[in-house]
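Both backbone and side-chain heavy atoms feed into the values below; hydrogens, waters and symmetry mates do not.
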Amino acid sequence: MVAGVSVLERLGLIFAFTAGMILTAFSALSVVVDFLRFDIVSVEIDIVFLCIGMIICIFCVKTYKKTMYYAKLADSAFEEGIYKRLEPVLRKFAEIYVQMGDIESRLDLIDKKVETVIEENVSRNPSLTSEHMVPGTSVSFAVKAIFAAIITVGGFFFMLQTFIPGTEYAVLLFYIIWWILITQEFSLLREESTMLLSLIALFIPILTVPVGFILVNAFIIFLKDSGILNIPTGGAGNITTSIFYILLAVYAVAYYSSAVRAKYGVSPIDIKKVFLMKR
């Protein structure tokens with residue numbers, strides 16, 4: 001397919017050009033035949049149809065050339081205008097991506113070193129057992145959780161300032177981000193014993209957050225219109241967003257605790273097993 005011309009447009013132009021060529025050829029032949037017969041009226045009619053056929057052909061050719069010109073003009077404008085403006089941004093994104101990969105590799109290296117140090121300490125001091133260590137608190141996971149928290153808080157304040165349509169799906173996106181973070185850390189989808197927990201934790205927000213967000217927001221608006229709540233315009237959306245962000249924190253903590261319990265058989269909120277203690 002030629003750039004700038006869709007399939008239907010090309011078929012239409014080809015059909016119109018073919019019809020114009022047939023009409024032109026037939027009219028030209030008819031002009032010759034009627035002229036030899038000295039039928040002046042028929043000759044004039046044939047000339048009219050001949051002009052119509054030629055006009056159709058010329059129109060199709062000019063339309064095709066104009067379309068191609070506009071397509072090239074749009075490509076040129078994109079390359080010279082938009083692409084040149086986006087090029088520094090795209091280059092910056094590429095640099096950030098490379099830097100993030102370097103940071104992740106360094107975090108993995110630090111995580112391995114920390115695990116090595118812990119294993120050496122445990123081997124030297126048998127009173128420190130693995131059950132006293134907090135599972136799922138590797139350095140890489142902690143840093144990733146901090147990044148996710150920063151992004152989540154940033155999204156929260158952005159939504160408070162700008163209540164855009166589809167906020168319920170944006171909120172759902174943060175639930176999925178935390179689900180991915182915790183699921184990847186504990187590799188819950190790789191084992192059959194923990195796969196069900198992971199899928200349940202995924203489908204619960206998918207099935208409840210968008211619908212619940214809409215219902216809660218509508219209920220708050222109803223209370224505002226009834227005079228029960230005295231909130232400014234747009235306050236209903238902010239209150240609803242705050243409620244579901246609080247539920248997001250509860251969801252992340254609950255899913256993390258369930259993942260630790262399913263993976264290691266301990267609870268991360270058990271004080272006796274959270275801190276390193278000496279007997």
Side-chain angles (χ1 to χ4, degrees), residues 93 96-97 100 134-138 140-270:
F93 272 116
I96 293 174
Y97 179 79
M100 290 296 295
V134 184
T137 54
S138 62
S140 60
F141 176 75
V143 174
K144 291 176 183 178
I146 292 174
F147 283 157
I150 293 174
I151 295 174
T152 303
V153 173
F156 172 67
F157 285 108
F158 175 78
M159 292 179 191
L160 290 183
Q161 297 295 328
T162 307
F163 187 76
I164 57 176
T167 305
E168 59 273 14
Y169 298 105
V171 174
L172 175 62
L173 178 62
F174 289 106
Y175 279 80
I176 295 177
I177 289 175
W178 283 97
W179 177 85
I180 293 174
L181 178 64
I182 298 173
T183 302
Q184 184 179 9
E185 173 66 18
F186 294 98
S187 302
L188 298 178
L189 292 177
R190 296 181 182 179
E191 300 180 8
E192 295 182 358
S193 59
T194 57
M195 184 181 297
L196 180 61
L197 170 65
S198 178
L199 294 178
I200 292 175
L202 174 62
F203 284 108
I204 285 178
I206 291 178
L207 296 176
T208 59
V209 171
V211 177
F213 192 99
I214 295 173
L215 293 177
V216 172
N217 187 61
F219 179 71
I220 295 175
I221 293 176
F222 171 75
L223 295 179
K224 175 180 176 297
D225 296 337
S226 301
I228 300 175
L229 288 179
N230 186 14
I231 55 177
T233 304
N238 292 340
I239 294 175
T240 306
T241 303
S242 301
I243 291 174
F244 277 86
Y245 260 84
I246 294 173
L247 294 177
L248 172 60
V250 176
Y251 168 80
V253 172
Y255 184 35
Y256 171 78
S257 302
S258 300
V260 172
R261 189 178 297 107
K263 190 75 174 182
Y264 301 103
V266 297
S267 176
I269 60 176
D270 190 348

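- Counting only residues at least two apart or in different chains, salt bridge (Lys or Arg N to Asp or Glu O under 4.0 Å) contacts with residues 191-213 comprise Glu191-Lys263.
- A distance of 8.5 Å separates CD1 of Ile180 from CG of Leu202, quoted to the nearest 0.5 Å.
- Note that CG of Leu248 and OG1 of Thr241 are 12.0 Å apart. Values are rounded to the nearest 0.5 Å.
- At a threshold of 4.5 Å between non-hydrogen side-chain atoms, the residues Val153 and Phe157 count as touching.
- Among residues two or more places apart in sequence or in another chain, the ring-ring contact (aromatic ring centres under 6.0 Å, His included) test is passed with Tyr245 by Phe156, Phe174.
- Nearest heavy atoms, Tyr169 versus Pro210: CE2-CB, 4.1 Å.
- With rounding to the nearest 0.5 Å, the separation of CD1 in Ile221 from CD1 in Ile239 is 10.5 Å.
- Looking at every heavy atom in both residues, Ile204 comes nearest to Thr208 through O-OG1, 2.5 Å.
- Remark: Ala252 engages Trp178 in a side chain to side chain contact (heavy atoms under 4.5 Å, CB included) (not counting sequence neighbours).
- Between Pro205 and Ile176, the closest side-chain pair of non-hydrogen atoms is not below 4.5 Å.
- Listed by chain and residue number, Leu223, Ser226 satisfy the side chain to side chain contact (heavy atoms under 4.5 Å, CB included) test with Ile228 (two or more places apart in sequence, or in another chain).
- By the 4.5 Å heavy-atom criterion applied to side chains, Thr240 and Phe244 are counted as neighbours.
- Scanning for side-chain hydrogen bond (donor to acceptor under 3.5 Å, both in side chains) contacts around Thr194 gives an empty result, with sequence neighbours left out.
- A pairwise comparison of heavy atoms in Val216 and Ile243 identifies CG1-CD1, 4.1 Å as the closest pair.
- One distance of note links CD1 of Ile182 with OH of Tyr256; it measures 8.5 Å at 0.5 Å rounding.
- Residues meeting the side chain to side chain contact (heavy atoms under 4.5 Å, CB included) test with Leu189, sequence neighbours left out: Trp179, Thr183, Met195, Ser198, Leu199.
- One distance of note links CG of Asp225 with CD1 of Ile220; it measures 12.0 Å at 0.5 Å rounding.
- Judged by distance alone, with hydrogens and angles left aside, the side-chain atoms of Tyr175 form no donor-acceptor pair with the main-chain N or O of Val209 at under 3.5 Å.
- Contact record, Phe186 with Ala259: CD1-CB, 3.8 Å, taken as the closest heavy-atom pair.
- Between atom CG of residue Leu181 and atom OG1 of residue Thr152 there is a gap of 9.5 Å, rounded to the nearest 0.5 Å.
- Shortest non-hydrogen contact noted between Leu197 and Ala262 is CD2-CB, 3.8 Å.
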